[in-house]
Amino acid sequence: MLVLSLWLFLLCGIVAADDRRNILLLLTDDQDVVLGSFDHMPNVKKLLQEEGMTFENAFVHTPICCPSRSQILTGRYSHHGVARNNSLSGNCYGPDWITSVENDHTYAVHAKRAGYSTAYAGKYLNRYGEGTTKIVPNGWDRWLGLVGNSRYYNYDLVEGGAGRNTTVHHHADRYATDYLPDVLVNQTLAWLDELREPWLVAISWPAPHGPFTPAPWAKDTMSGHKAPITENYNASDQYQDQKHWLIRQLKPMSNETAAEVDLYYQRRLETLKSVDDHVAKLISKLEQHQQLEDSFILYTSDNGFQFGQVRILKCRQNRLPGGAPSFSESSLTFFGFDNFTA
């Protein structure tokens, strides 16, 4: 919930109107940190980590996509009216979310009240737009929202915003025109050319969420990289006996399963190469408009991931770690950066 504390500080009148900073939120999907994903993102390391600061003790309350995203959007825990799981009945873009939460309780609404221009591109909530009616959530001046869950090709985008017609665009499977991470960053870069300051812009990539589809230029660039062998990777029976009874039911991984996990790990790193490239382009755009020194840049993910830790395969995790990590609990990072000198 650290990110929402910062939203409240920036958006709710604690700073004077003429001191309002632009806000750029960079959100990935299922990205780990203690299992090595950031080791292969040189632009993020150089431009954000080394130039900013890391919130080392931030946590995801519920490490499932839709509950976590609804909490980021509102600052609320799951038992306070936001999504409980990834289903419509669990309020993942269900009727209660649309009528009782989205209209008045997201950071976009607070930003508008504080005089910000707002724009959002990418994955929103897992069940967004799956009905017959496609609407733009309240509070957004510019909107390019992914219908449904993360994917890289063959998807629909809802385009619109306050005072604008809402249209649905279908994208197929051509890299040049349809690769979703590139579509999102290109639209975000165009918005940054025209938005009135102060602005709040959010880009929500599908990477590195499955199906782990890298850009053609990144495919096989991480061949040979395998999932880290942590102390609890494919854990022993003795180790598992210390855990919850549900964890104790998990069987050891076979060699075939371990090879599959390694391939997923490789593909995830390759999808993040596009994100790393995009971060450099976004920073360059802010420099072009002389806005970098007046902008807060936040990089985070909705939750982390596991690759065989305590025999769990392809599963989310909830801790945003600092210091020496406990691999049984943690694999997610949160970076918060400001680019001005206090």
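Thr188 contributes a side-chain N or O that, together with a main-chain N or O of Leu184, makes up a donor-acceptor pair within less than 3.5 Å. At distances below 3.5 Å, at least one donor-acceptor pair connects side-chain atoms of Asn234 with backbone N or O atoms of Met253. For Ser70 (side chain) and Ala83 (main-chain N/O), a donor-acceptor pair under 3.5 Å exists by modelled atom type. Judged by distance alone, the side chain of Asn103 and the main-chain N or O of Asn138 form no donor-acceptor pair under 3.5 Å. Within the 3.5 Å criterion, the main-chain N or O of Asn303 finds no donor-acceptor partner in the side chain of Ser68. The main-chain N or O of Ser37 is found under 3.5 Å from a side-chain atom of Asp32 such that the two form a donor-acceptor pair. In this structure, Asp262 contributes its side chain and Ala227 its backbone to a donor-acceptor pair below 3.5 Å. No side-chain donor-acceptor contact under 3.5 Å links Gln31 to the backbone of Thr300. Distance alone, capped at 3.5 Å, places no donor-acceptor pair between the Thr166 side chain and the Gly160 backbone.
The shortest distance between side-chain heavy atoms of Leu26 and Leu282 falls below 4.5 Å. Residues Leu180 and Leu146 form a side-chain contact, since some pair of their non-hydrogen atoms from C-beta on lies under 4.5 Å apart.
A side-chain donor from one of Thr167 and His169 sits under 3.5 Å from a side-chain acceptor of the other. Judged by distance alone, the side chains of Asp193 and His289 do bring a donor and an acceptor atom under 3.5 Å apart. For the residue pair Glu260 and Tyr265, no side-chain donor N or O sits within less than 3.5 Å of a side-chain acceptor on the partner. Between the side chains of Tyr93 and Glu102, at least one donor N or O lies within less than 3.5 Å of an accepting N or O. Checking Asn22 against Glu197 by side-chain atom types alone, a donor-acceptor pair falls below 3.5 Å. In the model, Gln71 has a side-chain atom that pairs as donor or acceptor with a side-chain atom of Ser78 under 3.5 Å.
A ring-ring contact (aromatic ring centres under 6.0 Å, His included) with Tyr128 is found for one member of Trp97, Trp143, Tyr155 and no other, namely Trp143. Evaluated for a side-chain contact (heavy atoms from CB on, under 4.5 Å) with Lys112, the options Leu200, Thr118, Thr106 yield exactly one hit, Thr118.
Aromatic rings from His105 and His110 are positioned such that their centres are separated by 6.0 Å or more. For Phe305 and Tyr264, the ring centers sit 6.0 Å or farther from each other. Ring centroids of Tyr153 and Tyr179 are separated by less than 6.0 Å, placing the two rings close together.
Cluster membership for Leu189 and Trp199, using ILVMFWY side-chain heavy atoms within less than 4.5 angstrom, is shared. At a threshold of 4.5 Å between side-chain heavy atoms, the hydrophobic network of Ile, Leu, Val, Met, Phe, Trp and Tyr places Val109 and Leu195 in two separate groups. A chain of hydrophobic side-chain contacts below 4.5 Å, direct or via other Ile, Leu, Val, Met, Phe, Trp or Tyr residues, connects Leu286 to Val185. Under the 4.5 Å side-chain heavy-atom criterion for ILVMFWY residues, a single connected hydrophobic cluster contains both Ile229 and Met222. Val168 and Ile135 fall within the same hydrophobic cluster, where Ile, Leu, Val, Met, Phe, Trp and Tyr residues are linked whenever their side-chain heavy atoms come under 4.5 Å apart, directly or through other members.
Separation of atoms CG (Leu144) and CG (Asn186) is listed at 11.0 Å; rounding is to 0.5 Å. Once rounded to the nearest 0.5 Å, the distance linking CG of Leu88 with CG of Asp96 reads 12.5 Å. The NE2 atom of His61 sits 14.0 Å away from the CZ atom of Arg76 when rounded to the nearest 0.5 Å. A distance of 11.0 Å separates OG1 in Thr28 from CD1 in Ile203, rounded to the nearest 0.5 Å. Atoms CG and CG, on Leu269 and Asp39 in that order, are 9.0 Å from each other to the nearest 0.5 Å. Summarising the geometry, atom NZ belonging to Lys243 is positioned 11.0 Å from atom CZ belonging to Arg248; distances are rounded to the nearest 0.5 Å.
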Trace of the side chain to side chain contact (heavy atoms under 4.5 Å, CB included) decision for His171 with Thr177: CA-CA 8 Å; His171 285 259; Thr177 56; 5.6 Å; no
Set out, in order, the CA-CA distance, both residues' side-chain angles and the distance that settles side chain to side chain donor-acceptor pair (under 3.5 Å) for His278 and Asp182, then state yes or no. CA-CA 8 Å; His278 296 165; Asp182 289 356; 2.9 Å; yes
Would you please test Arg267 and Glu270 for salt bridge (charged side-chain N to carboxylate O under 4.0 Å, His left out) and show each step? CA-CA 5 Å; Arg267 290 286 186 254; Glu270 291 168 357; 3.0 Å; yes
Would you sort out whether Tyr239 and Tyr233 count as a ring pair (Phe, Tyr, Trp, His ring centres under 6.0 Å), showing the intermediate values? CA-CA 10 Å; Tyr239 191 99; Tyr233 174 85; over 10 Å; no
Set out, in order, the CA-CA distance, both residues' side-chain angles and the distance that settles side chain to side chain contact (heavy atoms under 4.5 Å, CB included) for Glu159 and Arg164, then state yes or no. CA-CA 9 Å; Glu159 182 179 14; Arg164 297 170 180 268; over 6 Å; no
Passes side chain to side chain contact (heavy atoms under 4.5 Å, CB included), Tyr299 versus Phe38? Steps please. CA-CA 12 Å; Tyr299 187 111; Phe38 286 94; 3.5 Å; yes
Run the salt bridge (charged side-chain N to carboxylate O under 4.0 Å, His left out) test on Asp277 and Lys281 for me, step by step, so that the C-alpha distance in whole Å, both residues' side-chain angles and the decisive distance to 0.1 Å come before the verdict. CA-CA 7 Å; Asp277 178 65; Lys281 291 179 177 179; 3.4 Å; yes
Candidate pair Arg196 and Ser117, rule side chain to side chain donor-acceptor pair (under 3.5 Å), full reasoning: CA-CA 6 Å; Arg196 171 190 55 79; Ser117 303; 3.2 Å; yes
Start with the C-alpha gap between Cys65 and Lys123, add the side-chain angles, then the distance that decides, and say whether side chain to side chain contact (heavy atoms under 4.5 Å, CB included) holds. CA-CA 10 Å; Cys65 285; Lys123 177 179 175 179; 3.6 Å; yes
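Summarising the local packing, CD of Gln249 is surrounded by more than 12 heavy atoms from other residues, nucleotides or ligands at distances under 6.0 Å. More than 12 heavy atoms of other residues, nucleotides or ligands lie within 6.0 Å of CG in Asp241, so this atom counts as buried by the packing criterion.
Judged as a side-chain hydrogen bond (donor to acceptor under 3.5 Å, both in side chains), and not counting sequence neighbours, Tyr152 has no contacts.
Residues Asp237 and Arg311 are paired through a salt bridge, judged by an N-O separation under 4.0 Å between the basic side chain and the carboxylate. Classification of Glu194 and Arg142 as a salt-bridged pair holds, one side-chain N sitting under 4.0 Å from a carboxylate O. Using a 4.0 Å cut-off between charged side-chain N and carboxylate O, Arg127 and Glu130 make a salt bridge. Ion pair Asp29/Arg69 flagged as a salt bridge, since at least one NZ, NE, NH1 or NH2 atom sits closer than 4.0 Å to an Asp/Glu carboxylate oxygen. Salt bridge status for Asp30 with Arg268: absent, with no side-chain N to carboxylate O gap under 4.0 Å.
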Please set out all donor-acceptor pairs under 3.5 angstrom arising from side-chain atoms of residues 41-48, sequence neighbours excluded.
{"residue": "Asn43", "atom": "ND2", "partner": "Asp276", "partner atom": "O", "Å": "3.1"}
{"residue": "Asn43", "atom": "ND2", "partner": "Asp276", "partner atom": "OD2", "Å": "3.2"}

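By the 30° and 60° cut-offs, the orientation of the rings of Tyr124 relative to Tyr120 is perpendicular.
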